[in-house]
Asker: 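I am attaching a structure below and will ask some questions about it afterwards.
Since the model is a prediction, treat every value here as computed from it, not as a measurement. By convention in this document, chain letters (A, B, ...) are assigned in the order of the sequence lines, proteins followed by strands, and residues within each chain are numbered from 1.
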Number of protein chains: 2
Amino acid sequence: MTERTREPSISDTPSPADEPGPGRRPVITRADIIAAALNLLGPTRSVSTLSLREVAREAGIAPNSFYRHFRDVDELAVALIDLAGQSLRQIIGVARQRAGSEPGVVQGCTDAFMEQLRADDRLLHILLRESTVGSAAFKRAAEQQMNFFEEELCIDLIRLAAEKNSGLYDPALTAKAITRLVFAMGATALDMPEEGRAELNRQIVGMVRMIIAGTQALAAKTPAEAHPS
Amino acid sequence: MTERTREPSISDTPSPADEPGPGRRPVITRADIIAAALNLLGPTRSVSTLSLREVAREAGIAPNSFYRHFRDVDELAVALIDLAGQSLRQIIGVARQRAGSEPGVVQGCTDAFMEQLRADDRLLHILLRESTVGSAAFKRAAEQQMNFFEEELCIDLIRLAAEKNSGLYDPALTAKAITRLVFAMGATALDMPEEGRAELNRQIVGMVRMIIAGTQALAAKTPAEAHPS
DNA sequence: CATCTGTCTATACGATTGTCTTTTATTGGT
DNA sequence: ACCAATAAAAGACAATCGTATAGACAGATG
């Protein structure tokens, strides 16, 4: 049990089940409330509109029992965002590993991303749309997950560039541009009537290719400013 | 619903002031309510959280009088979004004209954009952050304004490419990528503690340069697929 | 002047919200 | 078996929400 993620406080289940101690055993867990919230969420329902009572109702508990697990709905939202970030990174990680170092890694990752979107992955919805609204802690959590994603992407970009012997103009900036652009485009895809998804997928791939071509071109043009490390 | 999407459906003041007709003259206008809503909005306050009563209170009218001017808050939001789109396009239009066809047009437009952001332009805030939340009509309005912006940018890109005799790989896609990326980055700048704004400005310029270099590189690589017209 | 029409106010209803206080249920320890 | 401690429930509170209804005011029209 102590082998909990060394990660800094992500989805931290403090102690309710670890050390029962004297007293009544909890009939509901943090995970149950999160599941209830996810079940309540949907393509037309955003986290910001969730009310404490509603989540409690869905979870089958009294409104007040919610406080036993979360201080307020914002804390729930942060937990959801963290979970979404973990999920996304895992998904992309699998896609990346599957694609290997083939040149179609962009296509592969984009496909995996959009496929997950089509599969109505509530967690992905959260991360995509709620990164611009909500309270401060709210946005900080979303930003953190994005940064995690950017870091992994940055490492990949550097590895790919080294393999193909092509330059990279500011790898971190490139990773950030790709991440933000894909997320923004994905967010607009959330409420699309199913058709046009393919077209949007094509657009995203084209955009990412554009950025990669751009970073290579700039690196070739101003090799002194490249940061290949 | 769609009978009004003609084109000049922006901030349409139907008739309350145009044709007084018989009856009491309105002591308050649509514009007054919009002003009240803007006054109520802020960096930590999003349109989605505005309540009918709150806006009415700020405008100094009874809650019910709101209905005389807007059917509901969503209609107010759409009006705000349309207004924001107009404002943004005007701002960029001025910046573009000022920069002329100099190579620093990217820098100039980005600076104008960020400057307006720093000036706490509520309208810009709206357009940046509320494009992913809200009702369907809500998002449609935001998407429409973005498309307007993309079209103007696309024309500019084509003109610049013709002047500099450099290719363009799918101008529309390029314009879309730039627009979405700048908007997404601008949204993250909304709640930044004033420092780091310069850094973010630098990042945005770098990203846009990357995309432009990419579209030129791709056009040079696959000239057959270029869509110059 | 009387009348009609449209704008705004006043009041109120039911629903829902977040949170507080009190009570009940259940479990482990002695 | 009893006790203490904790989880959850029950109920109530004020506040706010959107909206329905009815009445008061002002100006054009006869």
Asker: Separation of B/D72 atom CG from D/dC17 atom P, in whole Å?
Answerer: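 So the CG-P distance, B/D72 to D/dC17, works out to 16 Å.
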Asker: If the sugar-phosphate is the primed atoms plus P, OP1 and OP2 and the base is the rest, what is the B/S/- string for nucleotides 9-15 of chain C, using protein heavy atoms under 4.0 Å?
Answerer: BB-B---
Asker: Could you check how far OH of A/Y67 sits from C1' of D/dA8, rounded to whole Å?
Answerer: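 Between C1' of D/dA8 and OH of A/Y67: 15 Å.
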Asker: Answer whether the closest heavy-atom distance between the side chains of B/L153 and B/I92 falls below 4.5 Å.
Answerer: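 A side-chain contact is absent here, since even the closest heavy-atom pair is not under 4.5 Å.
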Asker: Whole-Å distance between D/dA8 P and A/I28 CD1?
Answerer: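 So the CD1-P distance, A/I28 to D/dA8, works out to 7 Å.
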Asker: Do B/Q107 and B/D111 get their side chains close enough for a donor-acceptor pair, meaning under 3.5 Å?
Answerer: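 Side-chain D/A pair, B/Q107 to B/D111: present.
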Asker: Would one find more than 12 heavy atoms of other residues, nucleotides or ligands at under 6.0 Å from atom CD of A/Q90?
Answerer: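 Atom CD in A/Q90 is not crowded, with 12 or fewer foreign heavy atoms closer than 6.0 Å.
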Asker: Just to verify, what does B/R118 make a side-chain hydrogen bond (donor to acceptor under 3.5 Å, both in side chains) with, not counting sequence neighbours?
Answerer: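 Scan of B/R118 (side-chain hydrogen bond (donor to acceptor under 3.5 Å, both in side chains), adjacent residues dropped) gives B/E194.
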Asker: Give every residue pair that meets the salt bridge (charged side-chain N to carboxylate O under 4.0 Å, His left out) criterion with at least one member in residues 172-187 of chain A, sequence neighbours excluded.
Answerer: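 For residues 172-187 of chain A: A/E143-A/R180, A/E150-A/R180.
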Asker: Quick one: which of D/dC17, C/dT7, D/dA7 gets closest to the side chain of B/S51?
Answerer: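 So the nucleotide nearest the side chain must be D/dC17.
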Asker: Please check the phosphate of D/dA7 (OP1 and OP2 only) for any side-chain N or O of A/R68 closer than 4.0 Å.
Answerer: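 The answer is yes; a side-chain N or O of A/R68 sits under 4.0 Å from OP1 or OP2.
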Asker: Could you list the residues that satisfy side-chain hydrogen bond (donor to acceptor under 3.5 Å, both in side chains) with B/T174, not counting sequence neighbours?
Answerer: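 B/T174 satisfies side-chain hydrogen bond (donor to acceptor under 3.5 Å, both in side chains) with B/T215 once adjacent residues are dropped.
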Asker: Can you run down the salt bridge (charged side-chain N to carboxylate O under 4.0 Å, His left out) pairs that involve residues 49-68 of chain A, sequence neighbours left out, and say none if there aren't any?
Answerer: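 Found A/R45-A/E54.
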Asker: Could you tell me how far apart A/H69 (NE2) and D/dA7 (P) are, to the nearest whole angstrom?
Answerer: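 These atoms are roughly 8 Å apart.
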Asker: What class does the angle between the rings of A/F149 and A/F183 fall in, given that below 30° is parallel, 30 to 60° is tilted and above 60° is perpendicular?
Answerer: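 Ring orientation, 0 to 90° scale: tilted.
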Asker: Roughly, in whole Å, what's the span from CG in A/D74 to P in C/dG18?
Answerer: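 Checked: the CG to P distance equals 11 Å.
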Asker: Taking all non-hydrogen atoms of both residues, which atom of A/I81 and which atom of A/F138 are closest, and how far apart?
Answerer: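 Between these two residues, the closest heavy atoms are CD1-O, 3.6 Å.
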Asker: How many whole angstroms separate atom CG of A/D32 from atom C1' of D/dA8?
Answerer: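 So the two atoms are 14 Å apart, to the nearest Å.
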Asker: Which of the following nucleotides, C/dT19, D/dA7, C/dT7, is nearest to the side chain of A/L52?
Answerer: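 Between C/dT19, D/dA7, C/dT7, the one nearest the side chain of A/L52 would be C/dT19.
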Asker: Starting at CD of A/E75 and ending at C1' of C/dG18, how long is that distance when rounded to a whole Å?
Answerer: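 Distance check: A/E75 CD to C/dG18 C1' gives 16 Å.
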Asker: What are the atom names and distances for every N/O pair under 3.5 Å that joins the protein to nucleotides 2-4 of chain C?
Answerer:
none

Asker: Quick one: A/R71 CZ to C/dG18 C1', roughly how many Å, whole number?
Answerer: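 In whole Å, C/dG18 C1' and A/R71 CZ are 14 Å from each other.
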